[in-house]
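Contents: one structure, followed by commentary.
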2 protein chains.
Amino acid sequence: MVNRKTQKKGRDTQPRGRTVRHLRADAQRNLDALLQSAMAVFATSGVHAPVRQIAEKAGVGVGTVYRHFPQRSDLIVAVFRREVDACVDAAAVLAAAHKPGEALTRWLQRYVDFISAKRGLAAALHSGDPAYDTLPAYFQKRLRPALETLLDAAVAAGEVRSGVKPDDLLRAVASLSAPAHDGDPTHARRMVGLLADGLRYGAKS
Amino acid sequence: MVNRKTQKKGRDTQPRGRTVRHLRADAQRNLDALLQSAMAVFATSGVHAPVRQIAEKAGVGVGTVYRHFPQRSDLIVAVFRREVDACVDAAAVLAAAHKPGEALTRWLQRYVDFISAKRGLAAALHSGDPAYDTLPAYFQKRLRPALETLLDAAVAAGEVRSGVKPDDLLRAVASLSAPAHDGDPTHARRMVGLLADGLRYGAKS
DNA sequence: GTATAAAACGGAAGGCCGTTCCGTTTACTC
DNA sequence: GAGTAAACGGAACGGCCTTCCGTTTTATAC
């Protein structure tokens, strides 16, 4: 790694910071196409969809899929992480566009949408495959600070009560989003709406 | 079906009542062996265990498995139904051996054990496979009357409060048994114990 | 521009699994 | 004991995940 045959400068002039080592242009392109394809296929056919199908939709061979994601589960995990990240990013956007209380409410609904849509996730998480063991921790690690920021701002603005812990709220919303017992898809949204209103009650105290 | 070649009476002398049509002795034996084998294999290797493995442990060929259970999911469903039945039967045993309140509490713990142990079930139920769609209804249909009997007896004896619906109790206990978040296996038992004590509070009113 | 090495690609092939099929065996009836 | 339908067993098929390696593409050196 220290001295390679023919390589004096090129991209390695400023690489010390991290072991970034940029992907080749085609590799990066295929990686993006794969994640996008996988997201679409999982959404329509579920997480059990064949890898071949994802590869085909992305316009690559299966070998390329396994170059980027050694196991099928790695691809699934990558997709979920990306969607969590999108949910986290939405917090900043909402905070910039709305008053604190409104931003909080809207983000909770956004979170419900994420949980509800990705019900295939539950199947993966409960499958017993240890490949997914790190996902819940990642969820917590990324989502909690995002919610915390929104929550703190809303409390500071006197729009919601204080004393509610972000973790509890995340868990409660996830639980409410869980069953969809009778096949009523609006149930979760309604219950969480109720919960959000509950937060406002007793504000400015 | 009406007139078959050579069959004048034999077992068909008293078959009108139902379409029972007893299985041949070896078939019945293999069926029992299969269910027992499947229960054991699912418990140790999860519901994803190969059918071949179950067949081998039962000492039969895979063809025999598929003769009794046309689909792999049929075998899984049969095992779960059998375990639900065992849980239901336990209600009568407990009711005969203990005072009503005690019987109720013990049965709830028995129910927790069932739910917790069969966590593989969650994976199957959330897999999206419609083969499992009828299972929840079966659970409800069998478990509710069993719990109802215990509950009514306990209420009549003045040992627990009235006004608690069996369905709500079943659902609540199932929810409490669900996550096992941090890997604490006693959590569910403790919470349900609490719940059972709560039932006793305010009795004889 | 050309040469060269490394990186990345693609798809055939291997292995496992669910399911089907059919020749053989077994359990009942007379 | 003979006959017949039920039941059996395992080879074979198709689909899937994963590996492997010859070929192609990119990035760099000259």
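Residue numbering restarts at 1 for every chain, and letters A, B, ... go by the order of the sequence lines.
Formation of a donor-acceptor pair under 3.5 Å by the A/Arg82 side chain with backbone atoms of A/Gln36 is not found in this model.
The structure places CG of A/Leu104 at 6.0 Å from CG of A/Leu199, a figure rounded to the nearest 0.5 Å. With values rounded to the nearest 0.5 angstrom, A/Leu125 atom CG is found 9.0 Å from A/Asp133 atom CG.
Between B/His22 atom NE2 and C/dT29 atom P the separation is 11 Å, expressed in whole Å. Atom CG of B/Leu34 is separated from atom C1' of D/dG9 by 13 Å (rounded to the nearest Å). The CD1-C1' distance, from B/Ile76 to C/dG18, rounds to 12 Å in whole Å. At whole-Å resolution of the value, CD1 in B/Ile54 and C1' in D/dG9 are 17 Å apart. Between A/His48 atom NE2 and D/dG15 atom C1' the separation is 15 Å, expressed in whole Å. Atom pair A/His68:NE2 and C/dA8:C1' shows a separation of 8 Å (rounding to whole Å applied). The CG-P distance, from B/Asp26 to C/dT24, rounds to 19 Å in whole Å. In this entry the distance linking CD of B/Glu56 with P of D/dG10 reads 10 Å, nearest Å.
Residue A/Asn30 places at least one side-chain N or O under 4.0 Å from the OP1 or OP2 atom of C/dC9. For B/Thr64 and D/dG9, the shortest distance from a side-chain N or O to OP1 or OP2 is below 4.0 Å.
For B/Asp74, there are no side-chain hydrogen bond (donor to acceptor under 3.5 Å, both in side chains) partners two or more places apart in sequence or in a different chain.
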Kindly give the atom pairs (protein nitrogen or oxygen, nucleotide nitrogen or oxygen) under 3.5 Å for nucleotides 19-23 of chain C.
{"residue": "C/dT19", "atom": "OP1", "partner": "B/Gln71", "partner atom": "OE1", "Å": "3.2"}
{"residue": "C/dT19", "atom": "OP2", "partner": "B/Tyr66", "partner atom": "OH", "Å": "2.8"}
{"residue": "C/dT19", "atom": "OP2", "partner": "B/Arg72", "partner atom": "N", "Å": "2.9"}

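B/Asp113 and B/Gln109 form no side-chain donor-acceptor contact under 3.5 Å, judged by distance and modelled atom types alone.
Evaluation of the side-chain hydrogen bond (donor to acceptor under 3.5 Å, both in side chains) test over residues 139-150 of chain A, restricted to residues two or more places apart or in two chains, returns A/Asp85-A/Arg142, A/Gln140-A/Asp167, A/Arg144-A/Glu148.
With salt bridges taken as basic N to acidic carboxylate O contacts below 4.0 Å, none links A/Glu56 and A/Arg52.
Heavy-atom nearest nucleotides on DNA chain C were determined for A/Arg24 and for A/Val60, and the one closer to the 5' end corresponds to A/Arg24.
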